[in-house]
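Below is one structure, written out as structure tokens; comments come after it.
In each ligand, atom 1 is the first atom listed, and ligand 1 is the first ligand listed. In this text the structure is predicted, and so the values were computed from the model without any measurement. Just so you know, residue 1 is the first one in the sequence shown, and it goes up from there.
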Amino acid sequence: MIEPCIKVDQLRVIYNKGKSNEVRSLDGVSVEIYPEEYIIIYGPSGCGKSTLLYGISGLQAPTYGDVIVQGKNLAQMTKRETVEFHQTQVGMVFQAFYLIETLTVLDNVCLPKVFRGEGLKERREKAMELLRRFSISEQADKFPAQLSGGQKQRVSIARALVNNPEIILADEPVGNLDSESAQNVLDIFKEINEIDKKTLIMVTHNPEHLIYADRIIHMKDGKKVSEEVNHDKRPKEALIKDVAATPDEISSELKLLMRTFKNLSLQQVGVLLIPFKAKQLLTHIISELNEEQVGAAENLLKEFLFKNIDSTGLSEKLDLDFDKGGAGWNKIRAMSFTDRTKKILSQAEILNSDQETNIVTFSDYLADLYHLKLDDEIMLRFRSFIKLRVENRIDRFGLQQRLDTSKKLGGAGLYKGSAEKVVREVELIMLLKYSA
Ligand code: ADP
Ligand code: MG
């Protein structure tokens with residue numbers, strides 16, 4: 001289990017507190033950020049993005065709440081620790097660059113090292129290395145006024161990196177740049193995150209930047225309104241924390257339930273299993289929403305499995321905002337989720353009917369779902385394996401083994417990953433069909 005490197009807990013920042021011009025810049029924001037994540041704080045002007053970023057950097061003290069970075073509560077640090085923190089733990093990049101006009105480019109980059117009392121030669125070497133990396137070594141002896149905006153920002157990124165901090169914070173870093181320079185800076189940030197493995201937090205109000213983030217914190221009026229995982233980027237381990245139960249847990253938990261319920265009628269068991277079914281169904285299909293969105297969806301799934309709402313109701317409520325009793329998803333996700341749920345449940349129903357053809361239909365469904373290319377002979381084998389499992393004559397491991405054994409040796413010859421997916425789908429549908 002990876003620990004967050006930054007925990008913001010109920011952070012409030014109130015300016016002019018108690019006066020007529022009181023501003024609640026941040027109104028109870030909680031965020032957890034994990035090592036190596038690329039986070040974007042996104043929202044309209046004045047919503048509190050910069051305040052949140054400065055809160056994380058320790059430049060803005062909380063009115064209430066806590067900010068914990070690398071296990072240390074910023075408010076409880078001594079002066080000395082705070083200085084050390086700014087010099088070595090976080091690097092900052094601003095929209096307005098904040099370069100010192102009277103120092104050369106090289107000296108600007110070296111500055112954080114000067115404060116650390118490092119020798120001249122060593123400082124300059126590290127700084128030059130960064131200038132070369134960002135293609136501005138030729139500007140080393142120039143003054144900031146002689147540089148373009150894009151070059152200035154690259155200098156300030158070099159300055160942020162010179163003490164090799166784990167965390168880089170950037171406040172609208174491309175807000176003042178032309179599109180080509182902006183792209184160049186965004187590429188550098190991507191590299192810093194992916195190659196240098198820095199945790200990166202960038203503030204922006206430009207929706208075109210969102211593709212770069214692993215996770216987006218949406219803000220409005222001093223509050224976090226939602227968190228969104230960027231599905232187009234590969235989710236990191238940390239992002240799928242504790243959502244998906246492992247297959248082993250599913251079956252052992254189910255066994256426990258069966259034992260507990262052995263004196264109840266089948267119908268009673270079915271009712272008792274519904275919350276469990278809802279959870280399994282949900283974790284099976286999605287693993288990338290925030291806790292609130294997942295919790296709300298789970299409740300809706302229960303309603304759906306209890307048949308208190310139909311699939312149209314499920315889809316609508318998933319899409320609806322929290323404050324209106326929904327799960328705060330979006331329409332496309334709500335629709336595709338509902339569609340997938342319906343398909344899974346219809347397979348469970350098919351398996352429950354005693355028709356001869358149900359194994360054929362189910363096998364075709366699985367092959368189609370995972371785009372398995374099975375010739376006629378292998379399809380027959382595949383069906384026979386599925387049948388063995390559905391009739392409980394082999395367990396999940398038996399099925400897994402038969403699916404990923406090579407064709408020559410009598411298996412279905414699936415890739416390991418495909419075999420695992422098929423097994424998971426089969427196990428889920430077997431659970432769902434249980435006294436459905
Ligand atoms: P963003 O970065 O999203 O544009 P900010 O975090 O800069 O928003 O500001 C959030 C709110 O706090 C705004 O209403 C802003 O006017 C107010 N604010 C920021 N700094 C101060 C300050 N020093 N004094 C009073 N109000 C401030
Ligand atoms: Mg701002």
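Between Phe94 and Tyr54, the angle of the ring planes lies from 30° to 60°, which puts this pair in the tilted group.
Nearest approach of Val69 to Ile56, heavy atoms of both residues: CG2-O, 3.8 Å. In terms of heavy atoms, Tyr212 sits closest to Tyr38 at O-CD1, 3.3 Å. Of all heavy-atom pairs spanning Tyr64 and Lys17, the tightest one is OH-CE, 3.1 Å.
A side-chain donor from one of Lys198 and Asn164 sits under 3.5 Å from a side-chain acceptor of the other. Looking only at atom types and distance, the side chain of Gln183 has a donor-acceptor partner in the side chain of Asp187 under 3.5 Å away. Between the side chains of Glu425 and Tyr365, at least one donor N or O lies within less than 3.5 Å of an accepting N or O.
Closest to atom 19 (C) of ligand 1, if we only count protein heavy atoms, is Tyr15 CE1, 3.4 Å. Protein heavy atom at the shortest distance from atom 8 (O) of ligand 1 is Gly48 N, 3.2 Å. Taking atom 11 (C) of ligand 1 as the reference point, the nearest protein heavy-atom neighbour is Ser25 OG, 3.1 Å. Atom 7 (O) of ligand 1 has its closest protein heavy atom at Ser50 CB, 3.8 Å. Of the protein's non-hydrogen atoms, Thr51 OG1, 2.4 Å is the one closest to atom 6 (O) of ligand 1.
Taking 4.0 Å as the cut-off between side-chain N and carboxylate O, Arg133 and Asp196 count as a salt-bridged pair. A salt bridge is defined here as a Lys NZ or Arg NE, NH1 or NH2 lying under 4.0 Å from an Asp or Glu carboxylate O, and Asp27 with Lys223 meets this definition.
Ligand 1 places these atoms under 4.0 Å from at least one heavy atom of Pro44: 3 (O). In summary, the atoms of ligand 1 found under 4.0 Å from a heavy atom of Ser45, numbered by their order in the structure, are 4 (O).
Listed by chain and number, Ser50 OG are the protein N/O/S atoms closer than 2.8 Å to the Mg ion (ligand 2), with waters left out.
A donor-acceptor pair under 3.5 Å links the side-chain atoms of Gln153 to the main chain of Pro173, judged by distance alone.
Here the straight-line distance linking atom CG of Leu372 with atom OG of Ser363 works out to 10.5 Å at 0.5 Å rounding.
Of the N or O atoms in Asn16, none lie within a sub-3.5 Å distance of an N or O in ligand 1. Ligand 1 has an N or O atom lying under 3.5 Å from an N or O atom of Gly46, backbone or side chain.
For atom 16 (O) of ligand 1, the protein comes within 4.0 Å by no heavy atom at all.
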